[in-house]
Amino acid sequence: MDSKVTVAVRCRPLMPREERAGAEAVVVLTDRQVSVGDPVELAARGSSPILGRNFAFDLVLGGDSQAEVHETLGVPLLRHAWRGLNASIFAYGQTGSGKTYSMTGGDGDERGIIPRVCEGLWDAADAHSATHETTVEASYMEVYNERVRDLLVPTGRPLKVREHPTKGACVPELTVVRVRGRNELAELLSVGSDARATAATRGNARSSRSHAVVSLVVSRRRRSGSSEGITEEGWWSGLDAPGSCTSTIRLVDLAGSERVAVTGTDGARLQEAKAINKSLAALCDVVSALAANSRKKKAFVPYRNSALTWLLKDSLGGNAHAAMLATVSPSDRHFEETVATLKYAFRARRVKCRATVNLVEDLPEEVLPSPPSPAVVVRRSSPRRSPQQPKQVRWPRLTNLNPDPAFAGAAWAPIRDGATVLGCTAEADCVVRGSGVAPRHAVVCCSSAQGVVVLCALPGAETHVDGNRVAMDEREATRLEHGSRVVLARRLAFRYEARQDESLDAFDATDAWHAAIAEVSQKGSGAFADEFRGLSQLDDEEASQPARAASPDPPEYTTARAPDPVPRVVVGGGPSPRKSAPRPLTPPRSEALGDADLDDLAAAQAQLDAILGAPPAYVASRQ
Ligand code: ADP
Ligand code: MG
């Protein structure tokens, strides 16, 4: 659906310090107009500011409270997101005009748009919890001097921006946290804001020179069979929202738009000034080109001229409802900057966006490690502690591979000693959601003392390791080696990681997904293989959709038969996949385990026997 960019102008009051310095207010706001008086003309002719330059806008915010600003911009954004549309807000204006105050704000009633949007999301998630499951994933980055930095795990190391063949620009190493509650989201954002503020003190007012981007991916899935209505009233009232959908929310606090004087500055400042001017000039060029295109011209849109515009391409002119909040100072000392901001915002009014609903079929398959092991833990034990927290990780583990870089490598399931059951219901040790995944799909048995990990497929469930089907009928287990690819139900892929390995970075997880699916296709045979080959030829978008004929009922189980006391182990080895294309396929080789291995596996095997000996719980409940 086409819509114009919403442009709102907010003018802050004169600060006490400005008043003390004799500054005068030259900005006058009326219902839908902003007028700025030229101080030189005013001094010469004594005319009223209303006779100065006038700009008409849809939304003009003067003495409005933070709550009112949220009602004007934050609530429409939430309503778009709840309907499955991507939505974004950009704050633009000179340093000191109120961008951060409007977006982040302070405590209590001073809370800005970002915390209020987060609260609004949780209000809706709670009110709909009987009928929908809502998940929120958050990331927070800063673009400073054309470099991207993570604000949730602020190592200070610049992160690479990569071009994904279908998804566009992405930052594969950026920390993405699956948020588990209202307080955790607020805490995460305060960690990010602290990190930005800390850098600002160290780095000479850096915060005014960096762009800060909060991204929230909100997914809601209708619970099957739910019929309970929503009773509470809220910002979602009267919305005709689809049952299951996903949306990306972007909240952007841009660097100060004032011209930075470059004369007499040292090398670092000069570099910084150039970078800010470059990215804001690039943003200006992009907005101009988009505005021209909205008038049917076919202008080239230079997204790739800066990291900022490249990263935010989709939110600027693509599949997103965009709003710009232009903040201005009323002071006569800022006349030129205020006029420049208003001219810029006026141009943005012409830009059109085309947002489409992201139904849940577009969601990549998701993997939820069972609580209480979140994929990434970023936590602050006390509000004043250092925000820098390492990722909490464990090995051995199964790391999620995914065609979508936003998900690839972002979640993993720890493998404990004994048996770890993978399946689609909450009873599994590792919950794997996706079409075709059985409630109890596969078991991973681990003996950390011997460093042996094997995988057994459970009856009726399709599982592949390095492209080879793990067949229950032959009562085989397959040994997992560091880097082995495990594919459940044909499309849910993991990499087994026995230990920390820097070379298996997050971006690899996208390539590795393609490699894992392709090798299943190439090694299979007959109709089964044909189906795989078809699948691997699909582009990312299609491949990430659940199978069309997915039945709401779990698949039928055959009666479980206990396997031999000790599984025969087929080594599924071979080198782990590296950065580039799928590795050449090698046939599996068989290898007998030593006695010590077998002894140690016996304990794990006993647990496996217990699992396989009893029919799966849900079969019992259906009889
Ligand atoms: P920016 O992020 O644009 O550089 P800030 O948001 O940091 O500017 O605002 C600069 C100062 O002005 C802060 O002290 C802030 O509290 C104050 N301020 C900004 N907007 C308002 C407003 N609408 N009402 C009251 N104070 C404001
Ligand atoms: Mg600021």
Side-chain angles (χ1 to χ4, degrees), residues 7-21 23 25 27-29 34 57 59-74 89-116 140-145 149 151 189-190 192-214 251-260 272-273 275-277 279-280 283 308 323-342 344-345:
V7 179
V9 175
R10 186 181 200 190
C11 182
R12 66 163 168 80
L14 267 184
M15 297 282 110
R17 132 179 73 78
E18 291 173 320
E19 280 175 345
R20 283 196 299 276
V27 177
V28 174
L29 307 177
V34 183
F57 290 100
L59 298 164
V60 175
L61 309 165
D64 302 66
S65 66
Q66 293 281 71
E68 287 164 330
V69 171
H70 173 65
E71 281 297 317
T72 309
L73 292 172
I89 299 178
F90 293 81
Y92 179 90
Q94 76 174 116
T95 300
S97 60
K99 296 181 299 295
T100 304
Y101 178 78
S102 301
M103 296 304 282
T104 306
D107 296 330
D109 289 345
E110 300 284 289
R111 281 160 17 259
I113 292 173
I114 294 174
R116 287 172 195 267
Y140 201 166
M141 67 182 166
E142 178 182 58
V143 184
Y144 174 68
N145 270 354
R149 287 187 167 85
L151 287 177
L189 295 175
S190 111
S193 298
D194 279 5
R196 194 177 182 221
T198 311
T201 352
R202 276 203 313 267
N204 197 3
R206 165 171 151 185
S207 85
S208 66
R209 306 183 190 290
S210 74
H211 315 285
V213 183
V214 171
L251 301 161
V252 186
D253 184 351
L254 291 165
S257 61
E258 67 280 357
R259 292 254 168 268
V260 182
E272 188 180 65
I276 296 165
N277 286 345
S279 59
L280 284 173
L283 184 62
L308 177 79
M324 173 179 284
L325 174 63
T327 55
V328 294
S329 147
S331 165
D332 52 356
R333 317 274 156 97
H334 299 140
F335 167 75
E336 283 175 9
E337 292 301 346
T338 298
V339 169
T341 300
L342 294 173
Y344 186 90

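When a residue number appears, it is its place in the shown sequence, counting from 1. Atoms within a ligand are numbered from 1 in the order they appear, just like the ligands themselves.
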So, using side chain to side chain contact (heavy atoms under 4.5 Å, CB included) as the criterion, who are the partners of E68 when residues are at least two apart? D64, S65
Does ligand 1 have any atom that is closer than 4.0 Å to a heavy atom of T327? no
Quick check: does any side chain N or O of E337 sit under 3.5 Å from a backbone N or O of H334, one acting as donor and the other as acceptor? no
For the side chain of K99 and the backbone of F90, is there at least one donor-acceptor N/O pair under 3.5 Å apart? no
With a 3.5 Å distance limit and no angle check, can you tell me whether Q66 reaches the backbone of Y101 through a side-chain donor-acceptor pair? yes
A student comparing G98, A91, S65 should find that the heavy atom closest to atom 5 (P) of ligand 1 comes from G98
Looking only at distances, please establish whether an N/O atom of ligand 1 is found under 3.5 Å from an N/O atom of Y101. yes
Proximal ligand 1 atoms for T95, defined as those under 4.0 Å from one of its heavy atoms: 4 (O)
Against heavy atoms of R10, which atoms of ligand 1 measure under 4.0 Å? 23 (N)
Correct closest heavy-atom pair for F57 and L342 would be CZ-O, 3.6 Å
Would you say R116's side chain and V69's backbone share a donor-acceptor pair under 3.5 angstrom? no
Can you see which heavy atom on A345 is nearest to which on A326, and at what distance? CB-CB, 3.7 Å
At a 4.0 Å cut-off, with the gap strictly under it, does some heavy atom of S97 reach an atom of ligand 1? yes
May I ask you to check whether K99 has an N/O atom sitting below 3.5 Å from an N/O atom of ligand 1? yes
Which of the atoms of ligand 1 are close to M15, meaning less than 4.0 Å from one of its heavy atoms? 12 (O), 17 (C), 18 (N), 26 (N), 27 (C)
Check ligand 1 against Q94 and write out every atom of the ligand that is under 4.0 Å from a heavy-atom position of the residue. 3 (O)
Please confirm whether P13 approaches ligand 1 to less than 4.0 Å, judged on its heavy atoms. yes
Regarding T100, does it place an N, O or S atom less than 2.8 Å from the Mg ion (ligand 2)? yes
